[in-house]
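Encoded as structure tokens, the structure appears first; notes follow it.
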Amino acid sequence: MSRFYLTTAIDYVNSRPHLGTAYEKITADVIARYKRLSGVTTRFLMGNDEHSQNVFRRARELGLEPLEYCNRMEQEFRGVWQALGISFDDFIRTTEPRHRVGVTWMVERIATAGDLYEGFYEGWYCVSCEAFKQEKDLVDGNCPIHRVRPEWIRERNHFFRLSKYRDALVSLFDRHPEFLLPDVRRNEILRLLEGGLEDISISRAGQAWGIPLPTDPSSAVYVWFDALINYASAVGLGDAHDARFAEWWPADLHVIGKDITRFHTVVWPAMLMSAGLELPRQVFGHGWVHLGGQKMSKSLGTTLDPAEVAGKFGADPLRLYLVKEIPYGQDGDFTWERYEERYNVDLANNLGNLVSRVAAMVDKYRGGRLGAPESSPDALASKASETVQVYRRAMDGFALHEAAAAAFRLVDAANEFIAQTEPWALARDPAQAGRLDAVLSGAVETVRIAAVLLLPVMPAAAAEILARMGENRPPASLRLDEDTTWRVEPERVVSKASALWPRAE
RNA sequence: GCCGGUGUAGCUCAGUGGUUAGAGCACGCGGCUCAUAUCCGCGGAGUCCGGGGUUCAAGUCCCUGCACCGGCACCA
């Protein structure tokens with residue numbers, strides 16, 4: 001029995017999720033739903049990253065205990081994900097005991113392997129920020145936020161022997177070109193590896209907010225070293241006899257933003273190698289969603305609340321836009337103008353209107369009930385079958401945008417078919433009754449197949465369309481193989497209802 | 001600075017060395033009336049960033065210039 005374990009990056013909780021964060025979860029959700037539709041046992045993990053000094057500071061600003069603050073933020077995040085129809089199976093928080101167990105185990109294993117040593121981390125430290133600053137981030141030698149000169153601090157902490165794993169990583173990329181997609185990200189990492197690796201510090205001294213380093217409890221595990229481990233701790237890392245870990249590790253796919261590729265394809269595999277664990281099979285670094293050509297930035301206030309966007313036309317139109325209009329792996333752009341355009345074209349005019357006209361004709365000419373057609377439109381049936389092929393190939397290669405576009409070409413084919421066969425003319429001629437049944441059945445069947453293909457992208461809308469087309473099984477029980485095969489039903493009950501997506505002006 | 005990417009219709013973008021370079025939107029014309037003023041068909045529209053080169057043949061390959069974007073290790 002095949003299984004698929006996929007994850008997204010866990011999110012800092014110092015502010016509510018923005019559209020870019022939502023983009024990652026939506027595309028991962030499309031992949032998860034596609035796998036389930038394909039009959040693959042799927043586990044989809046998401047979560048929150050809570051051990052950050054920014055989170056600690058934010059909580060204090062609000063006069064809250066950090067954990068109390070994180071509890072509130074968890075509800076905020078879960079609320080947004082629910083509104084967007086994200087079908088995660090598990091949600092991990094890095095403050096959970098199961099994560100602490102995993103991190104502790106991992107650090108101990110790495111230490112046992114001889115890959116942990118004490119050293120000194122040096123850098124510019126801004127007392128007001130309580131954080132180290134990069135040289136390049138300083139403005140005239142001062143902290144850009146507090147406008148004060150940071151102190152040069154030398155802090156004793158613990159290093160991970162990342163450099164030791166350079167050759168093994170080069171070999172990994174060599175043997176598994178598919179390990180990191182898209183290719184542009186892979187090339188960047190290969191160049192980084194060519195330049196050699198330095199060991200990295202994985203602890204911070206004297207921080208109370210974090211997981212204590214097992215080998216030196218006065219230090220905390222640095223936040224991102226802590227964070228990466230969530231993928232494994234969520235399935236029971238830390239207990240060799242945990243059945244869930246044996247079942248689900250390694251992950252099949254980490255979906256992440258392109259900015260954190262290095263952590264996932266260099267540091268994380270090295271950590272796993274050191275600990276003697278299997279490596280994730282694949283990492284996909286998606287691009288950014290820009291706003292009107294501008295990079296989204298919290299500090300510049302150029303962010304967009306996904307709940308606000310979903311509030312306009314619903315979650316499914318937003319999901320469709322992000323999936324279909326942005327080639328997966330590249331950067332994309334969101335503007336309200338373009339969003340409204342795509343809503344009107346794809347949903348109001350094409351898919352929505354198609355559902356309306358088909359249902360209306362079955363209602364008007366056949367009282368909502370279609371008998372067995374004497375024949376089936378072969379051209380349309382082969383178009384459907386060809387579309388399914390294209391769709392599957394695209395989805396399997398993470399070309400989510402092409403898969404969505406393929407489904408909409410089938411919608412176009414149905415509209416074209418109706419224009420050519422003119423059911424309204426057939427309805428006027430009693431001698432053409434059999435032909436009318438065949439035409440209407442063919443149209444309904446095409447809409448049904450298109451809706452099955454759209455289930456991963458627009459789960460709620462596709463389910464509604466299926467119900468209107470007379471599909472009475474629950475969407476979760478449908479399977480891509482059998483349920484996208486052209487059918488000739490002895491009877492179809494089609495329901496007419498209000499417009500799915502009224503045109504926006 | 002080094003490395004990489006992008007530049008194609010008014011807009012957003014496709015385009016394996018091989019007829020007359022395509023799609024969607026926008027625009028114009030025609031058709032239909034089942035449908036959410038929707039749908040279907042036809043059409044106008046391009047110095048494929050500039051310059052050189054390879055080739056029987058270049059939007060596509062090579063060199064070069066310009067413009068914009070990204071990456072360059074403790075930024076999830």
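Computed from a predicted model, the values in this text were never measured in an experiment. Letters A, B, ... are given to chains in the order of the sequence lines, protein chains preceding strands, and every chain is numbered from 1.
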With rounding to whole Å, what would you report as the distance between [N] and [M] at their [atom1] atoms?
N	M	atom1	value
B:rC29	B:rG22	P	24 Å
B:rG5	B:rC39	P	40 Å
B:rC42	B:rG50	C1'	36 Å
B:rC40	B:rG24	P	9 Å
B:rC13	B:rG17	C1'	23 Å
B:rC62	B:rC75	C1'	38 Å
B:rU47	B:rC25	C1'	24 Å
B:rU64	B:rG4	P	11 Å

Ion pair present between A:E341 and A:R338, side-chain N to carboxylate O less than 4.0 angstrom?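 So A:E341 pairs with A:R338 through a salt bridge.
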Note: A:E340-A:K312 ion pair, threshold 4.0 Å (strictly below): yes
N/O (side chain, [X]) to phosphate O (OP1/OP2, [N]) under 4.0 Å:
X	N	result
A:R262	B:rC72	yes
A:Y12	B:rA76	yes
A:N350	B:rC39	yes

Need one value for [X]: base, sugar-phosphate or nothing, where a base atom within 4.0 Å counts as base even if backbone is also close, heavy atoms only.
X	result
A:N349	sugar-phosphate
A:D331	nothing
A:I202	nothing
A:G196	base

Identify, with sequence neighbours excluded, every residue that meets side-chain hydrogen bond (donor to acceptor under 3.5 Å, both in side chains) alongside A:S274.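 side-chain hydrogen bond (donor to acceptor under 3.5 Å, both in side chains) list for A:S274, sorted by chain: A:D115.
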Of all the choices, [options], which nucleotide is nearest to the side chain of [X] once you look at every atom?
X	options	answer
A:E188	B:rA76, B:rG71, B:rC40	B:rG71
A:R503	B:rU36, B:rC25, B:rC74	B:rU36
A:D11	B:rA73, B:rA76, B:rU36	B:rA76
A:A499	B:rU36, B:rC25, B:rA76	B:rU36

Mapping A:L228 and A:D412 onto RNA chain B by nearest heavy atom, which one lands closer to the 5' end? A:D412
By nearest heavy atom, map A:W224 and A:E416 onto RNA chain B; which one lands nearer the 5' end?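 So the residue in question is A:E416.
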Calculate, to the nearest 0.5 Å, the distance between atoms CG and CD1 belonging to A:L172 and A:I189 respectively. 11.5 Å
Please report the interatomic distance CH2(A:W81) to CZ(A:F88), rounded to the nearest 0.5 Å. 9.5 Å
Could you identify which residues of residues 352-371 of chain A place a heavy atom less than 4.0 Å from some atom of RNA chain B, listed by residue number, or say none? A:G352, A:N353, A:S356, A:R357, A:A360, A:M361, A:K364, A:Y365
Here the residues of residues 423-445 of chain A within 4.0 Å heavy-atom distance, strictly under, of RNA chain B are A:W424, A:R428
Side chain proximity check, A:S201 to A:F159, heavy atoms < 4.5 angstrom: yes
Is A:H18 close to A:L304 at the side-chain level, that is, under 4.5 Å between some pair of heavy atoms? no
Is B:rU47 paired to anything, Watson-Crick or G-U wobble with both distances less than 3.5 Å, and if yes, which nucleotide? none
In Watson-Crick or G-U wobble terms, with both distances under 3.5 Å, the base opposite B:rC2 is B:rG71
What integer distance in Å separates A:N157:CG from B:rC74:C1'?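 Nearest whole value for this atom pair: 10 Å.
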Quick one: A:D259 CG to B:rA73 P, roughly how many Å, whole number?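 In whole Å, B:rA73 P lies 14 Å from A:D259 CG.
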Can you see which heavy atom on A:D90 is nearest to which on A:A234, and at what distance? OD2-O, 3.5 Å
Nearest atoms (heavy-atom pairs only) where A:G442 meets A:P377: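 The pair with the smallest heavy-atom distance is CA-CG, 3.9 Å.
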Against the six-membered ring of A:Y321, is A:R342 placed for a cation-pi contact (under 6.0 Å from the centre, within 45° of the normal)? no
